[in-house]
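A short worksheet on the structure shown next.
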Amino acid sequence: MPATFNHTIIAAKDRNESAAFYRDVLEAAEAPSWGPFANIMLDQGVMLQFAEPPVDEIQMQHYAFLLDDEHFDRAYALLRSRGIEHWADPQQTRPGEINGEHGGRGVYFMDPAGHALELITRPYL
């Protein structure tokens with residue numbers, strides 16, 4: 001069997017708030033939660049688990065998600081309706097814009113815990 005991505009744990013200030021945020025943006029399904037985790041399920045059985053680490057400061061990570069054009073439109077409309085600051089570039093020099101790179105569209109923004117998120121409509125490779 002080839003290796004496939006199954007799950008990851010994402011550090012959160014409030015695990016339920018972060019899970020709800022990702023669930024809304026990614027249109028993900030709720031998944032049973034247990035122990036210190038609030039879980040959501042992406043396609044193909046990929047689970048994102050949100051947990052509150054026992055530290056004062058969370059180290060920023062970057063997570064990129066590939067969406068189809070219609071989902072991107074809905075997610076971008078959600079970001080704008082919630083007043084979520086976003087950029088066309090990871091350096092955050094083009095605020096309030098999306099990019100048209102790699103033959104698709106992309107946008108960068110932060111999640112409630114301070115992680116950098118990227119939504120794209122075409123894979124880089």
Side-chain angles (χ1 to χ4, degrees):
M1 173 175 158
T4 59
F5 186 73
N6 181 260
H7 73 276
T8 193
I9 298 170
I10 298 174
K13 295 175 185 171
D14 178 319
R15 65 183 178 219
N16 295 312
E17 176 187 27
S18 287
F21 180 82
Y22 280 72
R23 193 170 49 249
D24 289 348
V25 172
L26 301 176
E27 300 176 354
E30 288 191 51
S33 297
W34 61 84
F37 305 112
N39 302 322
I40 67 169
M41 190 69 70
L42 303 178
D43 277 354
Q44 300 176 354
V46 173
M47 186 168 53
L48 301 181
Q49 298 184 283
F50 300 88
E52 299 159 12
V55 296
D56 291 334
E57 189 172 322
I58 293 174
Q59 179 68 38
M60 188 271 293
Q61 299 294 313
H62 173 79
Y63 301 102
F65 298 93
L66 179 64
L67 309 178
D68 65 27
D69 286 306
E70 292 79 19
H71 187 169
F72 184 91
D73 291 340
R74 292 189 304 272
Y76 187 60
L78 179 69
L79 296 177
R80 293 183 67 207
S81 73
R82 291 188 180 179
I84 295 172
E85 191 172 15
H86 58 280
W87 304 269
D89 61 323
Q91 297 81 18
Q92 301 177 350
T93 64
R94 295 174 51 198
E97 298 179 34
I98 61 173
N99 69 59
E101 299 172 10
H102 302 282
R105 295 178 291 159
V107 67
Y108 297 82
F109 57 101
M110 306 304 276
D111 81 356
H115 297 299
L117 300 185
E118 176 182 8
L119 303 179
I120 56 174
T121 61
R122 300 293 179 275
Y124 290 155
L125 300 176

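Annotation: salt bridge (charged side-chain N to carboxylate O under 4.0 Å, His left out) contacts of Glu17 (sequence neighbours excluded): none. Taking Phe50 as the reference, Tyr22 meet the ring-ring contact (aromatic ring centres under 6.0 Å, His included) condition, with sequence neighbours excluded. A search for ring-ring contact (aromatic ring centres under 6.0 Å, His included) contacts involving His102 returns Tyr124, not counting sequence neighbours. In terms of the ring-ring contact (aromatic ring centres under 6.0 Å, His included) criterion, Phe109 has no residue partners (sequence neighbours excluded). Judged as a salt bridge (charged side-chain N to carboxylate O under 4.0 Å, His left out), and not counting sequence neighbours, the contacts of Arg74 are Glu27. Every residue was checked against the salt bridge (charged side-chain N to carboxylate O under 4.0 Å, His left out) condition with Asp89, not counting sequence neighbours, and none meets it. Applying the salt bridge (charged side-chain N to carboxylate O under 4.0 Å, His left out) test to Glu97 and every residue at least two apart in sequence or in another chain returns Arg94. Among residues two or more places apart in sequence or in another chain, the ring-ring contact (aromatic ring centres under 6.0 Å, His included) test is passed with Tyr63 by His115.
For Arg15 (side chain) and Pro36 (main-chain N/O), a donor-acceptor pair under 3.5 Å exists by modelled atom type. Under a 3.5 Å cut-off, the side chain of Ser81 and the backbone N or O of Leu78 do form a donor-acceptor pair.
A continuous path of hydrophobic side-chain contacts links Ile40 to Phe5 [ILVMFWY only; heavy atoms under 4.5 Å]. In the hydrophobic clustering of ILVMFWY residues, with side-chain heavy atoms under 4.5 Å counting as a link, Ile9 and Leu42 come out apart. Linking ILVMFWY side-chain heavy atoms closer than 4.5 Å, directly or via other members, places Leu119 and Ile84 in a single hydrophobic cluster. In the hydrophobic cluster analysis, where Ile, Leu, Val, Met, Phe, Trp and Tyr join through side-chain heavy atoms closer than 4.5 angstrom, Ile120 is grouped apart from Leu79.
Residues Lys13 and Ile58 have side chains in contact (heavy-atom distance under 4.5 Å, counting atoms from C-beta outward). Looking at Leu48 and Leu26, their side chains come closer than 4.5 Å, going by heavy atoms from C-beta outward.
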Practice prompt. Kindly indicate, with the supporting measurements, whether the criterion side chain to side chain contact (heavy atoms under 4.5 Å, CB included) is fulfilled by Met110 and Met60.
Written response: CA-CA 9 Å; Met110 306 304 276; Met60 188 271 293; 4.3 Å; yes
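By the 4.5 Å side-chain criterion applied to Ile, Leu, Val, Met, Phe, Trp and Tyr, Val55 is assigned to no cluster and stands alone.
Sorted by first and then second residue, the pairs that involve residues 42-51 and meet side-chain hydrogen bond (donor to acceptor under 3.5 Å, both in side chains), not counting sequence neighbours, are Asn39-Gln49. Residues in residues 66-85 take part in these ring pair (Phe, Tyr, Trp, His ring centres under 6.0 Å) pairs, two or more places apart or across chains: Tyr76-His86. Within the structure, salt bridge (Lys or Arg N to Asp or Glu O under 4.0 Å) contacts touching residues 113-125 (residues at least two apart or in different chains) are Asp69-Arg122.
Distance CZ/Arg23 to CG/Asn16: 8.5 Å, rounded to 0.5 Å.
Surrounding CD of Gln59 are at most 12 heavy atoms belonging to other residues, nucleotides or ligands under 6.0 Å away.
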